[in-house]
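Source: prediction; values computed, not measured. Numbers for residues simply follow the sequence, beginning at 1.
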Amino acid sequence: MTRLPAILAAVLAGVVLLASCGPAPRRPVRTPGYLVGAYYYLWYPENFRQQGWLRAKLLPPQEPAVGIYSSRDLQVIEQHISWCSRAGIDFLALDWWPRHPQRNRLISEAFLRASNLGAIRFCIFYETQDLGFDPKLGITLLTPERIDFLVEDVLKLARRFFDHPRYLRLDGQPVIFFYLT
């Protein structure tokens, strides 16, 4: 009988602890047939130095939740995937720069190595502006040479990623986004 108050105290402490944490985050209710995606850029920390970040403009300024990170950091990628999955994001569109192979390598060398990759799908977000965006016209003019390059590059992407088990498919077909077409 002397143990009963200790057990009750432990149970009460557990209830107070759980109550103070608030409700467990729930995955948002979703409409069947719709997918939610987000763009995922693999250009950090370089872009922090070049363009900064939006939350730096808040009062008081705030750093990213995981600090000034590197897109090579597997723990950061895993945290991002975890947050996205909990928030109901179904897939991430990873940026692909036709003329920046060092940045593109981060898809295979970092992102695809995440231990929790099974929690999300991915697809390619092709930065056509890298083929020669004309700011005066507001377009990437696809000359015959650029078309040849684009076709060859997309074929390389297809061989490299489209068969990956986590690559996003709709009706059995791989998805790719083209930016500034």
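- Residues passing the side chain to side chain donor-acceptor pair (under 3.5 Å) test with S70: none are found, sequence neighbours excluded.
- Residue W43 comes nearest to D95 through the heavy atom pair CE3-OD2, 4.0 Å, listed as atom of the first residue, atom of the second, then distance.
- Of all the heavy atoms in S85 and A119, the pair that sits closest is OG-O, 3.7 Å.
- C123 and L168 get closest at one heavy-atom pair: CB-CB, 4.0 Å.
- Sorted by first and then second residue, the ring-ring contact (aromatic ring centres under 6.0 Å, His included) pairs with a member in residues 50-77 read Y44-Y69, F48-W53, F48-Y69, Y69-H80; sequence neighbours excluded.
- With sequence neighbours left out, D130 forms a side chain to side chain donor-acceptor pair (under 3.5 Å) with H100.
- A salt bridge is defined here as a Lys NZ or Arg NE, NH1 or NH2 lying under 4.0 Å from an Asp or Glu carboxylate O, and R103 with E109 fails to meet this definition.
- Side-chain atoms of R72 never come within 3.5 Å of backbone atoms of L106 as a donor-acceptor pair (strictly under, hydrogens ignored).
- Here L58 pairs with R55, Q62 under the side chain to side chain contact (heavy atoms under 4.5 Å, CB included) rule; sequence neighbours left out.
- Of the possible donor and acceptor atoms, none in the side chain of D90 sits under 3.5 Å from a partner among the backbone N and O of R121.
- Heavy-atom contacts from other residues, nucleotides or ligands closer than 6.0 Å to CD of Q75 number 12 or fewer.
- Outside the 6.0 Å centre-distance limit, the rings of Y40 and F122 are not counted as a close aromatic pair.
- Hydrophobic cluster membership differs between W83 and L54, with clusters built from Ile, Leu, Val, Met, Phe, Trp and Tyr side chains linked at under 4.5 angstrom.
- Looking at R169, its side chain does come within 3.5 Å of a backbone N or O of F162 through a donor-acceptor pair.
- Looking at D148 and E152, their side chains never come closer than 4.5 Å, going by heavy atoms from C-beta outward.
- When atom types are taken as modelled, the side chain of N104 and the backbone of W96 share no donor-acceptor pair closer than 3.5 angstrom.
- Looking at Y41, its side chain never comes within 3.5 Å of a backbone N or O of S71 through a donor-acceptor pair.
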Stepwise side-chain contact (heavy atoms from CB on, under 4.5 Å) check, V66 with D73
CA-CA 11 Å; V66 292; D73 187 330; over 6 Å; no
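- Hydrophobic clustering, with ILVMFWY side chains joined whenever heavy atoms are under 4.5 angstrom apart, keeps L74 apart from L94.
- The side-chain heavy atoms of L141 and D134, taken from C-beta on, include no pair separated by under 4.5 Å.
- Take Q129 and apply the side chain to side chain contact (heavy atoms under 4.5 Å, CB included) test, not counting sequence neighbours, and it matches W97, E127, F133, T140, Y179, L180.
- Listed by chain and number, the residues in a side chain to side chain contact (heavy atoms under 4.5 Å, CB included) with I147 are L142, V151 (sequence neighbours excluded).
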Could you please spell out the steps behind the side-chain contact (heavy atoms from CB on, under 4.5 Å) verdict for E78 and I81?
CA-CA 5 Å; E78 289 168 349; I81 290 171; 5.6 Å; no
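- Within the 4.5 Å cutoff, the side chain of P98 has heavy atoms near those of the Y126 side chain.
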